[in-house]
Amino acid sequence: MELMNTSTSRINMKIQSTAGLSFVLVLLFSSSWAASAQNHEDFLQCLSLHSQNSTSISQVIYTPNNSSYLPILQFSIQNLRFTSSDTPKPTVIVTPSHESQISTVIKCSRAHGMQIRVRSGGHDYEGLSYVSELPFVVLDMINFKSITVDTETRTAWVQSGSTMGELYYRIAEKSKVLGFPAGFCPTVGVGGHFSGGGYGVMLRKYGLAADNVIDARLVNVNGEILDRKSMGEDLFWAIRGGGGASFGVILEWKIKLVPVPETVTVFAVDKTLEQNATNLVHKWQSVASKFPEDLIIRIIITRVNSTRDGEQTIQASFNSLFLGGRDRLLSLMQESFPELGLAKEDCTEMSWIESVLYFAEFPRGESLEVLLDRIPLVRHYFKAKSDYVKEPISKNGLEGIWKMFYEDEAEAAYMILSPYGGKMDEISEYAIPFPHRAGNLYKIQHLVYWEEEGEVAAERHISWIRRLYSYMAPYVSKFPRAAYINYRDLDVGMNNQGNTSYAQASIWGFKYFKNNFNRLVKVKTMVDPGNFFRNEQSIPPVLLWRKKKGD
Ligand SMILES: Cc1cc2nc3c(=O)[nH]c(=O)nc-3n(C[C@H](O)[C@H](O)[C@H](O)COP(=O)(O)OP(=O)(O)OC[C@H]3O[C@@H](n4cnc5c(N)ncnc54)[C@H](O)[C@@H]3O)c2cc1C
Ligand SMILES: *[C@@H]1O[C@H](CO)[C@@H](O)[C@H](O)[C@H]1NC(C)=O
Ligand SMILES: *[C@@H]1O[C@H](CO)[C@@H](O)[C@H](O)[C@H]1NC(C)=O
Ligand SMILES: *[C@@H]1O[C@H](CO)[C@@H](O)[C@H](O)[C@H]1NC(C)=O
Ligand SMILES: *[C@@H]1O[C@H](CO)[C@@H](O)[C@H](O)[C@H]1NC(C)=O
Ligand SMILES: *[C@@H]1O[C@H](CO)[C@@H](O)[C@H](O)[C@H]1NC(C)=O
Ligand SMILES: *[C@@H]1O[C@H](CO)[C@@H](O)[C@H](O)[C@H]1NC(C)=O
């Protein structure tokens with residue numbers, strides 16, 4: 001999601017500690033507390049007994065009666081839907097500072113029937129990194145944030161609790177001509193982002209973040225620390241796009257940095273319906289995935305006030321990064337998309353790192369240090385969905401979308417169209433678990449934000465986006481209706497709380513991974529046959545495959 005700074009939904013993110021207080025009271029007085037307290041105590045005792053370093057682990061454990069518990073829990077929550085007092089909370093939060101502490105948490109969790117939710121940047125759309133219906137521990141990777149950039153070999157080791165902003169900052173600190181192709185939002189964590197794919201404005205030139213991962217270290221279900229060599233190519237394949245949470249706790253990634261020119265050019269050209277937006281969007285669909293790979297133009301659609309008093313209209317914002325200078329961009333646009341009427345004044349030349357700030361919606365001239373700030377400027381209540389488009393949508397089809405954007409619930413709704421083609425067409429559908437490659441013109445992210453607290457407002461907006469999603473069905477990919485795992489959407493299917501059948505999981509599994517789902521199931525069966533690492537959309541193991549392998 002690239003769009004947080006919308007004036008319509010600016011929300012103060014100050015943490016409400018009253019919500020947490022009522023949670024503690026409920027916990028203390030509910031009858032189930034007594035029963036679970038024993039497990040909870042045993043679990044805590046296990047942590048200190050089995051720790052090689054019990055002094056240090058006791059310093060990174062937060063129970064609900066600790067005054068830092070709620071601030072730490074709330075700190076990286078992105079979606080306000082999961083900050084309410086009735087959102088299930090973890091029994092314990094552990095913020096490991098040593099790798100050995102992670103092994104200890106895994107072993108004690110298994111011994112005492114606790115679930116683990118691993119959190120890096122906390123940007124999961126459905127809160128899966130910090131919400132569970134079963135008793136659980138949040139393993140928050142916040143202290144794993146070292147980044148080592150090596151410009152000689154053009155590689156970097158990045159610990160999973162680092163944010164994208166920190167990574168971009170550390171690269172730019174060392175080189176003006178190296179970058180990395182990943183997401184827009186500086187507070188996204190690399191732990192979740194890379195393990196789900198990770199795309200940004202350089203995807204037409206260099207593919208996804210996960211396409212550029214060359215090694216990784218993780219802790220497996222037995223508490224062992226593995227790297228690419230010792231985990232083997234199947235598991236290394238699975239964690240680059242298959243979602244990390246099914247396979248272990250990722251400690252760090254080794255990535256390949258990519259060349260960027262000293263000068264890049266950006267533009268944003270807004271067109272309303274009165275300014276021919278429908279025709280331009282229609283035309284864009286058939287040209288955007290064919291541009292040279294140095295050029296990406298995405299479109300952000302939303303409802304805005306019209307220049308006529310009191311009226312509203314739909315706006316399509318054509319927003320672009322070009323890996324080169326302004327003059328070459330202008331002649332290229334003249335050749336391939338003259339209808340947009342791009343003018344010299346629309347274009348701004350800057351360094352690649354400045355373009356990172358631009359796409360993160362910081363004002364021009366902002367200090368690069370803002371990239372190191374882990375607290376986002378704004379947080380929202382939101383719900384999002386994704387779609388892939390293989391054939392241009394007709395003008396009639398587009399007009400039907402505009403109609404839905406005039407509805408009340410769509411006051412802060414967006415549709416973000418991101419073109420594919422270029423490098424995305426060249427990478428095999430099986431190279432990593434992320435399967436959405438050749439044949440896709442563009443991806444859509446559907447988004448709706450709101451500001452009002454509570455179930456009623458949530459229900460209204462969520463039902464609007466579900467209706468939009470139904471409306472889109474004839475125009476987007478089918479069998480399966482493809483979706484992007486990093487835009488997590490539990491509407492596309494869910495597991496049971498315990499073990500889930502292959503058939504049930506394949507409902508959502510094929511949407512995210514197509515046929516790669518089968519290989520993910522095989523890897524899961526190999527590395528976590530007891531299904532310890534699980535959540536609402538984790539890959540299930542299948543007993544049959546395990547037996548066949550003579551396990
Ligand atoms: C404001 C915003 C902007 C975004 N922009 C983009 C974008 O430009 N491009 C894009 O592709 N996506 C984008 N996303 C989506 C983002 O890529 C995903 O939400 C991603 O999973 C977030 O990673 P995280 O570490 O912050 O999340 P978390 O919530 O910490 O984790 C997400 C999932 O990964 C698991 N996980 C996290 N860390 C680990 C680990 N170390 N080991 C194993 N499993 C782990 C969690 O358990 C959870 O299942 C955006 C999201 C938001 C909220
Ligand atoms: C134990 O903790 C201390 C202090 O945090 C640390 O310096 C030391 O390396 C740790 N030892 C082990 C074996 O993890
Ligand atoms: C809260 O937990 C932290 C980390 O374990 C610890 O350092 C701190 O002393 C605790 N605070 C209180 C008030 O118990
Ligand atoms: C906080 O909770 C933990 C775990 O239940 C318990 O061991 C500890 O004594 C409690 N501390 C206080 C100050 O209540
Ligand atoms: C509107 O856009 C279409 C297609 O892009 C173009 O052919 C047409 O000339 C444009 N009309 C106006 C009035 O700009
Ligand atoms: C749009 O217009 C409404 C009422 O006319 C006004 O309240 C609102 O602030 C305007 N929004 C923007 C973004 O200008
Ligand atoms: C899931 O299946 C595994 C393997 O058969 C079994 O060990 C485990 O107890 C099951 N878990 C649940 C919650 O049913």
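Each ligand, and each atom within it, is numbered from 1 in the order the structure gives.
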The answer for which part of Tyr69 has a heavy atom under 4.0 Å from ligand 3 is neither
Sorted by chain and number, sequence neighbours left out, ring pair (Phe, Tyr, Trp, His ring centres under 6.0 Å) with His112 holds for none
Tyr414 ring center near Tyr449 ring center (under 6.0 Å) = yes
Please examine the side chains of Ser195 and Ile250, heavy atoms only from C-beta on, and report whether any two atoms are closer than 4.5 Å.
-> yes
Which of the atoms in ligand 3, numbered in the order shown and given with their element, are less than 4.0 Å from a heavy-atom of Asn66?
-> 1 (C), 2 (O), 3 (C), 8 (C), 10 (C), 11 (N), 12 (C), 14 (O)
Quick check: does Asn305 get an N/O under 3.5 Å from an N/O on ligand 6?
-> yes
If you draw a 6.0 Å radius around NZ in Lys403, do more than 12 non-hydrogen atoms from other residues or ligands fall strictly inside?
-> no
So CZ of Phe75 and CG of Asp140: to nearest 0.5 Å the spacing works out to 8.0 Å
Results of ring pair (Phe, Tyr, Trp, His ring centres under 6.0 Å) for Tyr475 - residues two or more places apart only | Tyr471
Between Glu411, Glu409, Glu455, which is the residue that forms a salt bridge (charged side-chain N to carboxylate O under 4.0 Å, His left out) with Arg460?
-> Glu409
Residue set satisfying ring pair (Phe, Tyr, Trp, His ring centres under 6.0 Å) with His461, at least two apart, ordered chain then number -> Trp450
Below 4.5 Å, heavy atoms only, C-beta onward: do Arg110 and Ile116 meet side chain to side chain?
-> no
Chain-and-number sorted residues having a heavy-atom contact under 4.0 Å with ligand 5 are Asn276, Asn279, Leu280, Lys283, Glu339
With a 4.0 Å cut-off on heavy atoms, is Ser58 touching ligand 3?
-> yes
Mind checking whether Val60 contacts ligand 3 via backbone (N, CA, C, O), side chain (CB onward), both or neither, at a 4.0 Å heavy-atom cut-off?
-> backbone
Atoms of ligand 3 under 4.0 Å from any heavy atom of Gln59, numbered from 1 in the order shown, are 4 (C), 5 (O)
